[in-house]
Each structure stands twice: as structure tokens, then as C-alpha cells.
J.: 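One structure coming up, written as C-alpha cells, with questions to follow.
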There are 2 protein chains.
Amino acid sequence: MIFEKVKEICERAKAASPAVASSKGNERNAFLSSFARLLVENTEELLLANGKDIESAAAAGISTAMLDRLRLTDKRIVSLSEGITALIGLSDPLGGGEVFTRPNGMEIKKIKVPLGVCGVIFEARPNVAADIAALCIKSGNAAVLRGGRECINTNLTIEALAKKALAEAGLPGDAVCLIPFTEREGANALMQMRGLVDVLIPRGGKGLIKSVTENSSVPVIETGAGNCHIYVHSDADFDLALSVIRNAKVSRPSVCNAIETVLVNGDVAADFLPRLKEIFDCDGVEIRGCEKTREIIECTPATEDDWEREYNDLICAVKVVACENCAVSHINRYGTGHSEAIITESRRSAELFCTMVDAACVYVNASTRFTDGGQFGFGAEVGISTQKLHARGPMGLSALTTDKYIISGNGQIRE
Amino acid sequence: MIFEKVKEICERAKAASPAVASSKGNERNAFLSSFARLLVENTEELLLANGKDIESAAAAGISTAMLDRLRLTDKRIVSLSEGITALIGLSDPLGGGEVFTRPNGMEIKKIKVPLGVCGVIFEARPNVAADIAALCIKSGNAAVLRGGRECINTNLTIEALAKKALAEAGLPGDAVCLIPFTEREGANALMQMRGLVDVLIPRGGKGLIKSVTENSSVPVIETGAGNCHIYVHSDADFDLALSVIRNAKVSRPSVCNAIETVLVNGDVAADFLPRLKEIFDCDGVEIRGCEKTREIIECTPATEDDWEREYNDLICAVKVVACENCAVSHINRYGTGHSEAIITESRRSAELFCTMVDAACVYVNASTRFTDGGQFGFGAEVGISTQKLHARGPMGLSALTTDKYIISGNGQIRE
């Protein structure tokens with residue numbers, strides 16, 4: 001029953017997708033402009049719907065932190081609207097491309113076209129629905145959204161506003177569809193829509209991402225899992241190291257580009273670790289250290305499990321490593337290929353680290369917290385890919401496009 | 001047992017991959033040069049091994065066509081060796097990339113790096129093992145190959161020569177590994193090596209590709225399925241149409257860029273179909289026509305199944321369609337997104353067709369048989385992707401690479 005209804009929604013999105021794909025950039029920008037305006041104009045309606053969600057969520061006893069993430073305010077709606085308006089200024093990711101002529105006179109044009117229908121499964125963040133709808137339409141795609149049950153009323157209101165904005169821009173309303181089934185079957189059905197949905201992007205925690213990558217028959221772009229490390233090399237500037245580590249661990253521990261483990265070269269561990277402990281103590285960060293670490297500073301013993309954990313919290317694993325290769329091996333074994341950093345004054349060590357570490361983003365003397373589409377200057381962020389195929393690292397609008405070759409001739413045949 | 005051994009092979013390839021990834025372009029070219037030379041120098045040994053394969057295959061009663069595909073000859077070895085030598089001249093697909101500096105002074109460099117370990121499952125074509133080994137090493141990847149049982153002796157000899165060439169170039173021998181288990185378990189095990197193998201490319205028939213896309217936990221690049229169409233528009237030049245259709249159907253019916261169905265606009269069907277039948281009769285092509293086709297020419301009745309079939313044979317489905325949109329709908333419903341063509345003198349119709357057809361390659365007045373890395377001027381071909389993510393259409397060496405961001409700073413932290 002739910003499966004059939006989800007299929008029907010995806011069929012409608014697919015039927016709408018050619019009209020979006022073949023629309024002009026200014027029509028898609030007109031949608032963004034309307035959508036941004038409608039969100040602000042309908043603040044009252046949005047807050048009313050969001051209020052219902054907050055009420056149910058509070059009654060269900062979810063945490064204050066979750067409630068805060070869920071809550072819309074006048075200010076948050078304005079900021080959401082401004083984010084969408086900012087997309088208008090970004091160049092159209094479609095079309096363009098190279099043209100080359102073959103010796104037989106055939107002209108081959110390689111252009112960027114939309115993927116088609118993008119499915120997004122996300123958790124309780126009401127800004128994601130609006131954000132993703134905007135990114136999909138800007139890049140010529142239809143969007144099928146499936147959000148968490150905690151913000152269903154907010155999401156339904158956002159969907160209605162998106163459809164109104166599509167109508168104002170002369171685009172089909174089915175180009176943005178919300179799956180109103182918040183049961184698990186709703187998400188499971190979406191994962192089986194190969195042929196109707198061209199790509200599925202999970203936006204949320206580790207559990208969600210794992211479930212989608214394991215169960216989806218639709219191609220997936222894996223995002224967000226971040227077990228990130230900073231390696232303090234023997235030639236590190238300690239002050240710089242402490243400042244960067246503190247930023248990467250403490251500034252926002254819940255996000256994927258925060259670090260979970262500090263690796264320290266054995267030659268400098270005895271000097272460095274007491275200073276690390278000092279700042280972590282100040283910030284209330286619990287250290288879980290390897291045996292060698294515990295010979296130098298007092299801390300909780302780390303187990304094998306700690307090297308694999310994304311704490312998303314004020315906890316940091318610390319390990320003393322004998323050499324740079326040991327640091328690289330540890331990172332390549334336990335890391336999620338997201339963001340990794342070395343602190344060193346040695347150019348040679350930095351180069352070796354950057355070459356040997358297998359991750360989307362490798363930093364030298366800077367915080368891993370910069371892994372972000374906005375911080376990289378992409379203007380928009382679809383997510384941070386931790387896979388190697390299609391897109392890797394912060395994804396801009398081009399991650400929602402694919403190639404098409406258009407070949408024009410006058411009767412060429414192959415010998 | 002087989003699973004464990006396959007895992008061990010993949011672990012060895014993964015362990016070898018950083019050395020290949022960090023090697024210089026000239027070292028990888030040195031491998032190509034040695035490999036090309038060794039293949040020719042060891043012609044006798046290759047022919048001996050291939051002779052054993054041919055003998056077993058003949059005893060097992062495989063078709064003459066299959067036997068021919070399986071057979072190596074002096075000439076074929078030279079041509080294989082020349083193909084590998086030609087890769088030397090292609091520019092290194094690794095490194096390069098853009099550099100941009102952020103307002104905070106951080107320098108972000110986006111470079112191309114190898115995917116890591118590429119797995120390839122292929123059928124009874126002995127040239128594929130050598131070809132793929134060469135393409136993988138040229139692009140800095142390690143390769144794990146699993147070929148059909150029909151050419152196991154030939155493949156083992158090719159693997160030994162590749163390892164010798166790797167040694168001559170100072171690269172680890174484990175960078176090219178053949179899985180010697182030709183049972184189904186060998187392929188199944190390879191499909192479960194997520195984490196060790198970065199991408200799996202099936203090279204072969206529809207059954208193989210389906211089995212790999214459905215069962216692999218390793219990310220797959222889907223290649224080769226080609227249910228291609230030519231649409232004869234009402235403004236078509238008939239002579240041009242007949243020449244192109246004949247080339248696309250008859251020149252090599254067994255390949256994926258050959259056409260399976262001709263769609264004819266209803267306004268010109270009565271004039272065009274008799275001429276089509278004339279040339280198809282000459283070439284011995286069986287026509288399977290829709291009801292309207294059969295009102296005009298004599299032919300086998302087509303069933304629903306015919307619109308879905310890849311005949312790979314001298315059979316062609318023919319359907320009369322009322323309009324261009326009907327042609328597009330048919331193609332988008334039954335096509336595999338490989339190569340589609342329109343024959344028309346109308347620029348407007350050509351543009352509409354190119355925009356609305358959802359395929360990797362869309363042709364105007366030229367044969368679909370040109371969909372090929374060599375014909376497109378890419379110098380090398382990894383396969384023809386029929387998926388939208390990562391790579392679409394003929395894949396050059398860049399399809400075996402991914403992005404890496406290297407960020408250099410002097411202590412930047414995020415506010």
C-alpha cells in the first residue's frame with residue numbers, strides 16, 4: 001500500500017523531470033525567487049505547522065537539543081530564505097561543455113544535464129526540505145523528499161510553498177514531492193525505486209546512512225560519516241597544533257568534520273600531551289588514551305572500539321604513534337575518508353602525508369572544520385561525499401548533474 | 001575457502017595500491033613499455049597457453065564464433081601490444097587540477113588521484129586482461145581481474161607477464177592480480193570486497209552485468225547494455241537514413257552500439273518502409289514489425305518483448321510512431337540509455353530529440369556505431385557507461401580517477 005503510493009509519487013516526479021531539465025536557467029531562478037519570498041510571506045503558517053511538530057516531539061519526550069534543531073523561528077526562516085536567494089547568483093550548472101570535431105566531420109558536444117529525479121532521505125531538520133528542493137530545481141532535477149516524522153507538518157507546509165513557487169515559475173508542481181509516510185516503509189519503498197529515482201542521498205546520522213547504502217537499489221551518494229584525525233608530527237609547532245586541535249574538536253563536536261582522534265608522534269609525546277591535556281581539561285573534553293598516552297598523562301583507557309567511534313561529543317581518543325607511516329596506516333584503517341590533518345613544519349612530511357592518506361580532504365596546518373561547501377567557496381552544498389565515485393568531498397551543484405554527448409553529423413557511418 | 005583466498009588476493013592488491021598511486025607517470029609508462037614488449041617476446045608461450053584453452057573449449061563444444069573470440073594469433077598479440085604502447089603517449093590522468101586561495105589564506109588544491117583498486121569481471125576475451133591491466137596501471141590503480149574459465153590459461157600467462165613488467169618498472173607485482181578461481185564463487189567473492197576493492201566493472205553480456213549490479217556490495221560502473229534506436233523523422237533524407245540504419249544494424253550486430261529498433265514517423269512510413277525492407281532483405285536482416293508496419297510491409301509480428309530485446313543479431317524491430325514525442329517516449333521507456341539517433345533535416349526536431357531523449361549519446365544524422373572511446377578520440381576506452389553517476393558514455397582514463405582536496409594553511413581555524 002505505502003509502496004504503491006510511494007511509487008506513484010516517484011512516477012509523478014519522473015514525469016515532471018523533463019520539463020525541469022529542459023527549462024531555462026532564468027525560469028529555475030524565478031522558482032528560487034518565488035520560493036524564498038513565499039517562505040518569508042508564510043512565516044505564520046510555517047511557525048504554526050512547526051509548533052504542532054514541536055508539541056508532538058516534546059510530548060514524545062525528545063531531548064532539548066533535538067527540539068532546538070527542530071524549531072523554526074522568524075530568524076531561521078529569514079536565514080533559510082536568504083540561503084535560497086543566494087543560489088540565484090550561482091552560475092547555471094547545466095549546458096556548457098566542450099565541443100570537438102572528429103576527422104570525419106562529426107561534431108561531438110559534451111554537455112551537463114541533470115541527473116533526473118533526486119531522492120533525499122533526511123532526519124529532523126526542517127531546513128533540509130527547503131534547501132534540497134532549491135538545490136535540485138536550480139540544477140534542473142525533480143526532487144522526492146522523505147523527512148523524519150518529527151517535522152512532518154513543517155515539511156508538508158514547505159512542500160506546499162515549493163509547489164506554489166513552481167507554479168509561479170511555470171514549472172510543474174510535481175517537480176518537488178514529499179513522501180508523507182514517515183513509517184520505515186516510506187523510506188524503504190523509496191530505496192527500491194531504481195529506474196524512477198536516479199540517485200538517493202541520505203542526509204543524517206550514521207545509522208541512516210548505513211541503512212541506505214546497504215538497502216538501496218537506487219544508486220547512492222554516501223555523505224557525512226566523519227571519523228577524522230589530526231596527526232601531530234615531530235616537527236609540529238605546538239601552539240599552532242593546540243589551537244587547530246581545539247578548534248577541530250571543541251567548536252562544534254556534533255558535526256562530521258570535527259575530529260575524533262589525535263595521533264601524536266612518539267618523539268614529542270612527552271612534551272606535547274601534558275599541554276593537550278591542559279586545554280582539553282579546560283574545555284571539558286574527556287581523553288581516551290592508548291597505553292603510551294597513559295604513561296604520560298592521566299586519562300580513560302582507550303579500547304579498540306575507540307579508534308572506530310564517531311563520538312560527536314566532547315570526547316577525544318589519543319594515540320601515540322612511532323612514525324608518520326604508522327599515523328597514515330591508522331588513519332587509512334579507521335578513518336572514513338572524510339577529512340584528515342597533519343600539523344608539521346616539514347614540507348616533506350606534509351607531502352608524504354597528503355599523498356598517502358586516502359581521504360576526500362587532507363589538511364596541512366589547518367582545522368578539519370573547513371570541509372564544507374560554503375567554506376570552500378562553492379556557494380551551495382549538497383552534502384559531503386565520503387565515497388570515491390561520482391563526487392568526493394564537499395559537493396556543489398555539479399554533483400547533481402551528469403554528462404550527455406550530442407553528436408551531429410551529415411550521414412557519417414563507421415567503417 | 002575461495003572467499004578467503006579472494007580476500008587475500010584483494011588485500012595484496014590494496015597493499016600494493018599506494019605505491020602505484022604515488023608513482024611517477026614515467027614509471028607507469030615504463031610498465032606499459034615493458035608489458036607491450038613482453039607480450040610480443042612471449043608470443044610462443046601465450047599461444048601455447050591459449051592453445052590449451054581453445055582445446056578445452058572445443059571439447060566442451062562451444063560455438064565457432066566463441067572459439068574465434070577466444071583465439072590469440074601472432075597478429076592479435078601484436079595488435080594488443082600496439083594498443084598498450086599507444087597508452088604511453090596519453091597524458092597522465094593524475095595530479096593537475098585547480099588551485100584556489102580562500103579569503104583566510106588557505107590554499108585549496110583539487111587533484112586527480114586513482115580510485116585505488118579496480119576489480120574487473122570479464123568473459124572469454126583474452127585481450128581484456130591485458131587491456132585492463134594496462135589501463136589501471138596507467139591511471140595509478142591496482143587491478144584485480146577475474147576472467148571467464150574459457151581463457152584461464154591465457155589469463156594466467158598474461159598475469160605473469162604483467163607482474164614481470166611491473167618488476168621491470170620498479171612497481172609492486174601485486175598491483176596486477178588475477179583471481180584464479182573461475183567458479184561462480186570467485187566472482188561472487190570479489191563482489192563482496194567492499195573496503196578492499198574501490199570499484200567493480202563488469203565487461204561482458206547482459207547476464208553478467210545484471211548479476212554484478214544486483215549482487216555487488218562494491219560500487220559498480222555499469223557498462224555495455226545497449227538497446228539502441230534510430231528514429232526516422234518526417235523530414236528525414238531517406239538515402240541518408242538507409243545508409244545510417246544499415247551501418248548501425250549490419251556492420252557489427254553483436255556489439256552494444258548496434259541498433260535493435262527503427263522507429264518511423266507515420267507520415268513517411270508508407271514511403272520509407274518498403275525501401276528499408278529492400279536493404280534489410282539484401283543483408284538478411286529479419287524485420288519484426290508492429291501492426292502498422294505490417295500493413296505496409298511483410299514481416300514477422302513484433303511482440304512487447306521485441307521492444308526490450310538486445311538481439312545482437314541480424315534482427316531488427318520496426319515500429320511506426322505518430323509523432324516525435326511518441327518516439328521519445330518509446331526510447332525513454334525501452335532504451336538502456338546508451339546511444340540513440342534521429343534522422344532529420346529539421347533543426348528544431350533534432351534539438352527537441354537531443355533534449356528529451358535520456359541517453360549517454362544522442363546522434364543527429366550519424367550512426368550509433370561511433371559510441372566508442374577510440375572513435376570519440378579518447379585514446380583509450382575503459383568501457384561504455386550506461387549509468388548516470390560517476391561516468392556516462394565512453395569512459396577514458398579519467399573514469400578510473402577521483403578527486404582529492406589538499407588544503408594548506410598556517411594555523412587557520414574556523415570561527
Side-chain angles (χ1 to χ4, degrees), chain A residues 18 21-22 100 102 106 108 110 113 115-116 198-199 214 217 219 221 237 239-240 243-244 246-248 251 332 350 354-356 358-367 369-372 375-377 387-394 402-415, chain B residues 18 21-22 100 102 106 108 110 113 115-116 198-199 214 217 219 221 237 239-240 243-244 246-248 251 332 350 354-356 358-367 369-372 375-377 387-394 402-415:
Chain A
S22 59
F100 47 104
R102 299 296 302 155
M106 252 175 18
I108 302 183
K110 184 181 184 181
V113 296
L115 288 171
D198 294 287
V199 66
E214 282 176 3
S217 72
I221 299 181
D237 173 330
D239 291 328
L240 189 154
S243 155
V244 168
R246 182 162 184 257
N247 182 257
S251 62
N332 286 346
C354 291
T355 304
M356 301 309 274
D358 191 14
C361 301
V362 189
Y363 290 82
V364 179
N365 298 333
S367 170
R369 291 276 290 107
F370 288 109
T371 300
D372 173 279
Q375 296 292 326
F376 272 33
Q387 65 185 30
K388 292 183 178 178
L389 294 192
H390 188 65
R392 197 183 196 202
T402 183
D403 297 320
K404 186 181 204 173
Y405 293 95
I406 295 180
I407 306 102
S408 306
N410 47 19
Q412 282 82 354
I413 58 173
R414 186 162 168 190
E415 301 299 315
Chain B
S22 59
F100 48 104
R102 299 296 302 153
M106 255 176 15
I108 303 183
K110 184 181 184 181
V113 296
L115 287 172
D198 294 286
V199 64
E214 283 177 4
S217 71
I221 301 180
D237 173 331
D239 290 330
L240 189 155
S243 156
V244 167
R246 183 161 184 259
N247 183 257
S251 62
N332 286 347
C354 291
T355 303
M356 300 309 275
D358 191 16
C361 301
V362 188
Y363 290 82
V364 179
N365 297 332
S367 171
R369 291 276 291 105
F370 288 109
T371 300
D372 172 279
Q375 295 293 325
F376 271 33
Q387 67 185 32
K388 289 183 178 176
L389 293 192
H390 189 67
R392 197 182 195 200
T402 184
D403 296 321
K404 186 181 204 172
Y405 292 95
I406 295 180
I407 305 101
S408 306
N410 48 18
Q412 281 82 353
I413 58 173
R414 188 165 168 187
E415 301 299 313

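Lettering follows sequence order; numbering is per chain, from 1.
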J.: Supply the atom-to-atom distance A/Phe376 CZ to B/Ile108 CD1, rounded to the nearest 0.5 angstrom.
T.: 4.0 Å

J.: With a 4.5 angstrom heavy-atom cut-off, could you sort out which part of B/Gln375 is near chain A: side chain, backbone, both or neither?
T.: both

J.: Given heavy-atom pairs under 4.5 angstrom as the criterion, report whether the side chain, backbone, both or neither of B/Ala248 touches chain A.
T.: neither

J.: Under a 4.5 Å heavy-atom cut-off, does chain A meet the side chain of B/Asp372, its backbone, both or neither?
T.: side chain

J.: What part of B/Leu240 is in contact with chain A, defined as an atom under 4.5 angstrom from a non-hydrogen atom: side chain, backbone, both or neither?
T.: side chain

J.: So which of A/Ser251, A/Pro219, A/Cys361 has the biggest tally of heavy-atom pairs under 4.5 Å with chain B?
T.: A/Cys361

J.: Mind listing the closest non-hydrogen atom pair of B/Leu115 and A/Lys388 along with its distance?
T.: O-NZ, 2.7 Å

J.: Quick one: which of B/Gln387, B/Arg246, B/His390 has the most heavy-atom pairs under 4.5 Å with chain A, could you say?
T.: B/His390

J.: Considering only heavy atoms, which portion of A/Ala21 lies under 4.5 Å from any heavy atom of chain B: side chain, backbone, both, or neither?
T.: neither

J.: State, to 0.1 Å, how close A/Pro18 and B/Met356 come at their nearest heavy-atom pair, and which atoms those are.
T.: CB-CE, 3.6 Å

J.: Need one label for B/Arg369: side chain, backbone, both or neither, based on atoms under 4.5 Å from any heavy atom in chain A.
T.: both

J.: Show the numbers, then the answer: is there a side chain to side chain contact (heavy atoms under 4.5 Å, CB included) between A/Leu389 and B/Leu389?
T.: CA-CA 8 Å; A/Leu389 294 192; B/Leu389 293 192; over 6 Å; no

J.: Taking every heavy-atom pair that is under 4.5 Å apart, which of B/Arg414, B/Glu415, B/Arg392, B/Gln412 has the most such pairs with chain A?
T.: B/Arg414

J.: Please flag which part of A/Val199 lies under 4.5 Å from any non-hydrogen atom of chain B: side chain, backbone, both or neither.
T.: side chain

J.: Given the options A/Asn332, A/Val364, A/Asn247, which has more heavy-atom pairs under 4.5 Å with chain B than any of the others?
T.: A/Asn247

J.: Specify the closest pair of heavy atoms between A/Gly393 and B/Tyr405, including all atoms of both residues, with the distance to one decimal.
T.: CA-CE1, 4.4 Å

J.: Tell me, out of B/Arg102, B/Met106, B/Lys110, B/Glu214, who's got the most heavy-atom pairs with chain A below 4.5 Å.
T.: B/Arg102

J.: Can you name the closest pair of heavy atoms from B/Ser367 and A/Ile413 and give their distance?
T.: CB-CA, 4.1 Å

